[in-house]
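Within every chain, numbering begins at 1; the chains are lettered A, B, ... in the order of the sequence lines, protein sequences first and strands thereafter.
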Amino acid sequence: MGKELVAMILAGGRGSRLKALTAKVAKPAVHFGGKYRIIDFPLSNCANSGIDVVGVLTQYESVELGSYVGVGTKWGLDGNSSAAAILPARERDEVGATWYAGTADAIAQNIEFLDAYDPEYVLILSGDHIYKMDYDEMLAAHKEKGADLTVAVLNVSMKEASRFGIMNTNDDLSIYEFEEKPEKPKSTLASMGIYIFTYKQLRKYLKADAKKKDSHHDFGMDIIPAMLADNKKLFAYEFKGYWKDVGTVESLWQANMDLLHDTELDLYNIKKDWKIYSEDTLAKPQLIGLDAKIKNTLVTQGCMVDGEVEGSVLFNNVSVGATAKVVDSVLMPGVLVEEGAEVYKAIIDENVIIKAGQVINKEAKEVALVSNNDRG
Amino acid sequence: MGKELVAMILAGGRGSRLKALTAKVAKPAVHFGGKYRIIDFPLSNCANSGIDVVGVLTQYESVELGSYVGVGTKWGLDGNSSAAAILPARERDEVGATWYAGTADAIAQNIEFLDAYDPEYVLILSGDHIYKMDYDEMLAAHKEKGADLTVAVLNVSMKEASRFGIMNTNDDLSIYEFEEKPEKPKSTLASMGIYIFTYKQLRKYLKADAKKKDSHHDFGMDIIPAMLADNKKLFAYEFKGYWKDVGTVESLWQANMDLLHDTELDLYNIKKDWKIYSEDTLAKPQLIGLDAKIKNTLVTQGCMVDGEVEGSVLFNNVSVGATAKVVDSVLMPGVLVEEGAEVYKAIIDENVIIKAGQVINKEAKEVALVSNNDRG
Amino acid sequence: MAKVVGLVNLHSNVDLKGLTERRPVASVSFLGRYGIIDFVLSNFSNSQIDNVGILIKEKPRSLFKHLSNGNAWNFNSKRGGVQLLYDEKFANNNMYNHDINNILENIAFIEKNKPDYVVISPAHIITTMDFSEAIKAHRQSGAEISIVYKKIKNANETFIGSDFLKVKDGVVQAIDKNKGNIKNRAISLETYIFNTKALIKLLKEAQKVSTFFDLRDILSYVLDEKKINAYEFKGFAAIIDSFEAYFKVCQSFLNIDVSTKVFKNNWPIFTNTNDTPPTKYLKNADVQNSFVANGAVIDGTVSGCIIGREVSIGKGAVVKNSIIFSGAKVEADAVLENVIVDKDARIKKIKELKGSADEPLYVKEGDVV
Amino acid sequence: MAKVVGLVNLHSNVDLKGLTERRPVASVSFLGRYGIIDFVLSNFSNSQIDNVGILIKEKPRSLFKHLSNGNAWNFNSKRGGVQLLYDEKFANNNMYNHDINNILENIAFIEKNKPDYVVISPAHIITTMDFSEAIKAHRQSGAEISIVYKKIKNANETFIGSDFLKVKDGVVQAIDKNKGNIKNRAISLETYIFNTKALIKLLKEAQKVSTFFDLRDILSYVLDEKKINAYEFKGFAAIIDSFEAYFKVCQSFLNIDVSTKVFKNNWPIFTNTNDTPPTKYLKNADVQNSFVANGAVIDGTVSGCIIGREVSIGKGAVVKNSIIFSGAKVEADAVLENVIVDKDARIKKIKELKGSADEPLYVKEGDVV
């Protein structure tokens, strides 16, 4: 008995543009929003969409990510008929030891995993996007259109469009052309890197692509163009809501800030029951001191705050000493801001100590990153 | 606060000598003893010895093995202060993507994992041995002798000794020489591939070995000789009891047969509370038919037996039809022996169907292996 | 998808003699590996109903133990799980200790989950019912209440004392007690589907009519004013309503047609893990026509039996048509026929114990005979 | 390593007014994130005692819920876990519903685990006690029974009604009730260590003397004939034996010296996961000197408070020296001082509620005021 849909999360990239933040962990395992990690979002979306088999494809620094995902308990994916499976690049009998060469190749190397579940549809996700999305609605659209491939798109401004892969569509949202970062965009429907494939088609195109020597083995560059060339039925599915690719230090900072203000990205369940699940730490409740001033800020358990904090996000076990000042900043787990220190518009990486009297990024033009790790 | 001891299980090998049985899974994930997999033995030994952090190093076909080990729930290793961590070969920031090159290299590539637990001692195990051992007693010996490295040894017969790595020891069991498969053994103390290192020493020798270009990065060939050369304190620890390396089809078959007869390898907890934990399947209890004859045999849940079975081991969901005959054989999960078929001295791989009237290995000289997978 | 809460109703007056002296029917061992309650819990789980409350009538301890790991039944822990609902106030007062009082005492469980429908089902009627199909039919019927029934042809032999329905055009016309005088009956499986609001209204009405009323009572009572949908279940159903029925139902599973109906690949029966090794058949073993759980060690003759986990059957022992619970020991040369041996009991070799198929003997938990 | 079974003893007569109307002391919320029982369970877990039974006296439901995932406390599921022990027979009979009857009713739990020692400890005395050290001292003493005590200097203010010990050379000379007339006392923490055989013998003896006797009674009674070791515990201990004591103990944790003593890196306090987001401080938030759990949304003025999970404090609200339980809502412009607001209650903005530090006001679960 096959599963209707299996989700595959691409979580193997190095995330070099996150600099020191990914020196020791994979991008999807980077901390976000006070108590989450980035991959909590696609995994929780899967759980909330009723998807119960999720493969997580890993390669770069896969240990912490793998042990974080574990068997999926945190997202309720550990039942007898559900699974969160870690799929690392690995050695196999016939092909030997091979790393993942591109997004499509990563899925192609796990065709046996997919075959075992015999799904009708496969959902391809990225492990590094922040958003709340009901994939079940997208699947309904895919089925309704009888599509071979449905690509989730976001309607961006014309100005931004040239930074994205753009889907040029007909009135019925069928896709007739795909342009990667076009200089003169014909449309503003940007691909979110979220695909639903009818598995038979996906399987066929992956097998064919694997044999092509000059392929990048990439969904955007190779698979979609090949399907378009064959006149397969490709449709866009427009997602409305908050979505952010947190690929850079700047965008990671911005997404954290958005948690404070954006009404779409609401974590307090005001609109509907769409919890983002995450790990729970053993920390005590946050202790707010006699001299604390906290405004427009997220603070999570284990924190001790006795200073002034505004417009910031404080992760587990952060301490802010008396008379210290933290403004528009993201303090990763275990950060200690000593008395009288000041931090402006910065991401402070795990376990960094900002010494008494130290002032970080006072002019606050760019986002500053302070880390114990070195990385170019 | 560091852990006293962290265990590392080497589970990455291809196990080529198990032929088709390891075409699709890593050797430690091979089924054994009716309801177990081989790696249940070292993992259960760890759990029963009070070890609560176990790293499992994977490379070959790591998906099924990784999802089987999961987060260690099956062995009670999923508590808040315990862990079963899958450590696949992976890409890292400074070194890039590197496969494990040898037993010592595999551990060396996970020094950061060990450092995070800051252990005093590290226990190195193989994922493919069948035995019940209290590592806590070995650790006590290691501490008592003030050893840098303790090697578990088995006293084998002089005849067998030249098939093993042999530890030549003084009266106090201190090791003065290590000989790999000596033609003329001076001793019968064979290394079981089980090591307890004082972590400081291990770390130092791994770091040094990693820099050597001509090294095999192997414990037996490189690390032990290097330590002996430096006059480090190496001791042998003699293990008494059942122990088997199930590296070949023949030895895997033999170990299954030993379950039927060997009193040391007892799974029925007659002597002491040393359970081998494993997964539980959802199968119904075994159903024994009107015409069944079963003797000297292990049968597990989900089986339906209506034929004659003797001296065999039947795994989950095996069916043996009426008038079929199974003798001295190992039937892996899902095997169907149709009515009137006969099987002698064989390992029948997962989901193989032995057709009605088919006769396997009647002369029963060598162990026959029947599989749906092809492998040289 | 509609939101559904499941309730396992343990408020039945089923008495299995010694078997239920210290435990409720729900946690009596079944087929050597399961507890009776595993079937209804698996039905909820397989029907994707993740929020399940258990209406405990009495003797909660063995249930605590059996259910301590709710995850065994594959309920999604993020969306629900198993909740034990107990009405301490009336635990020792049999007249008031009924399902309606228990639900009302624990009404917060339903209120919190805000279900569209509530499915109530007992543990002691063994089925593999897909509740999602029953709910679909219920919704389509437009009724606020449905009763699930099964047409049986041996109502003179089984389900005696159960309710039967008179059904016309899919609507319940009358509910009456099966006295065993007629063979063909539409037997109520005591499984009810309610629109949540209708359930709560009904319970409150029941309390007004009589504080002794239970669910069965009030359903009969309101039948004239309310349209109650009748949903026919066509799969396997067997009731365990007496010691003798327990014995017969267990034995019936040795019939491969019966066990094939219940144990289907797409409908797993979940239960706790026990970390027992495979069963070991020794050289004098002679076993036929039996269900055997893991961890047993058998060196004797066994036929027509259900052998539980870690049972040991000694050399020369002869065990026929019997049910041996987990951990029990039948020593060498003992002879048993038509006996139910409860957990951890020990039968010494000097003994020869024979009951009859209609009146099996019973050996108490832990007894040495 | 010696095998130890832990028993959490909930047979105390502690009454926290409204807080314990529908739940036992054990599951009353503590510091916004914990249940009171989490401390003793974490102590067992951190002391590597994996087999723990909970002697439930009454109101089991909220405990079922809190304990449904025994794994939260990190008990090794392969070596033990949490077992709920309940004495249904005497649940409604206060004179007989005591710890001795409960242990005897559930003696199978101890027999099955065959421990060398049994540690019995209550939930309502908050400590971070390493039982393994107490067991070591017990073993070295050669005594079969130990009582853990703490020397306190304010026995006129706290632990009134508790037992105190007279100790000489580490041996208990006398046990008496603290009447609050003397400041310096060696107060019994109601934590006992028994050699298993001695415990069982003692319980049977107690039943012979009087079926009303509980553990405290029989220990006093046998003191003359038996050597009882006294083990001094020097860490933090606070008793929650009244509504007012609950309020004071909670408030005392705002003192950083107190909370640092209890929340130690090597001694985690385990509890259930709740999947709540971080707490959001809005632009009018003004919070000092408070414990705040996750998931709260605060836009008002808060000081000297304990704020539970998913509490909302509206703009302009002023909350002082109060304890707000999870899910409660303090609407805009409400003013609270010295109030305990139970779960999911709602304080409307028109209200101004003021209690005193000695007599805090109480708002019931779910109330709207």
Side-chain angles (χ1 to χ4, degrees), chain C residues 21-24 51-73 75-94 96-97 102-103 105-109 111-113 272-276 326-327 343-344 365-366, chain D residues 21-24 51-73 75-94 96-97 102-103 105-109 111-113 272-276 326-327 343-344 365-366:
Chain C
E21 207 168 85
R22 289 173 61 85
R23 47 170 104 89
N51 263 292
V52 175
I54 300 182
L55 299 167
I56 299 181
K57 185 187 178 199
E58 57 184 355
K59 307 187 190 89
R61 183 180 36 197
S62 66
L63 279 171
F64 295 163
K65 209 175 155 186
H66 191 73
L67 298 169
S68 65
N69 177 8
N71 213 32
W73 295 270
F75 296 111
N76 185 321
S77 58
K78 293 297 174 190
R79 289 167 178 256
V82 180
Q83 174 98 46
L84 303 179
L85 306 176
Y86 185 60
D87 186 5
E88 181 184 21
K89 202 167 43 173
F90 294 128
N92 286 301
N93 192 329
N94 205 39
Y96 288 98
N97 188 10
N102 194 335
I103 299 174
E105 170 73 13
N106 290 289
I107 198 71
F109 174 71
E111 286 172 350
K112 200 187 122 203
N113 285 300
N272 280 323
T273 300
N274 276 288
D275 296 310
T276 39
S326 61
K343 274 174 68 177
D344 299 324
E365 182 171 346
Chain D
E21 208 167 84
R22 291 175 60 85
R23 47 169 106 87
N51 263 293
V52 175
I54 300 183
L55 300 167
I56 299 181
K57 186 188 177 197
E58 58 185 353
K59 307 187 189 90
R61 183 180 35 198
S62 66
L63 279 171
F64 294 164
K65 210 175 153 189
H66 191 73
L67 298 169
S68 65
N69 177 8
N71 212 29
W73 295 271
F75 295 111
N76 185 321
S77 58
K78 293 296 175 190
R79 287 170 178 253
V82 180
Q83 174 97 45
L84 303 179
L85 306 175
Y86 185 59
D87 187 3
E88 183 184 15
K89 203 168 39 172
F90 294 128
N92 287 300
N93 192 328
N94 206 38
Y96 289 97
N97 188 9
N102 194 336
I103 299 174
E105 171 72 13
N106 289 289
I107 198 75
F109 174 73
E111 286 172 351
K112 201 187 124 205
N113 284 299
N272 280 322
T273 301
N274 276 288
D275 296 310
T276 38
S326 61
K343 273 174 69 177
D344 299 325
E365 182 170 347

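The number of heavy-atom neighbours closer than 6.0 Å to CZ of C:F90, taken from other residues, nucleotides and ligands shown, is above 12. Atom NZ of C:K59 has more than 12 heavy atoms from other residues, nucleotides or ligands within 6.0 Å.
C:N106 touches chain D through backbone and side chain together, each having a heavy atom under 4.5 Å away. With a 4.5 angstrom heavy-atom cutoff, C:K89 touches chain D only via backbone atoms. The contact between C:Q83 and chain D is made entirely by side chain atoms (from C-beta outward), counting heavy-atom distances below 4.5 Å.
Between C:I54 atom CD1 and D:F64 atom CZ the span is 10.5 Å, to the nearest 0.5 Å. Residue D:L85 holds its CG atom at 8.0 Å from CZ of C:R61, rounded to the nearest 0.5 Å.
Residues passing the ring pair (Phe, Tyr, Trp, His ring centres under 6.0 Å) test with C:F109: none are found, sequence neighbours excluded. D:E58 pairs by the salt bridge (charged side-chain N to carboxylate O under 4.0 Å, His left out) definition with nothing, not counting sequence neighbours.
Of all the heavy atoms in D:E105 and C:R22, the pair that sits closest is O-NH2, 4.4 Å. Scanning both residues, C:N92 and D:E88, for their nearest heavy atoms gives ND2-O, 3.5 Å.
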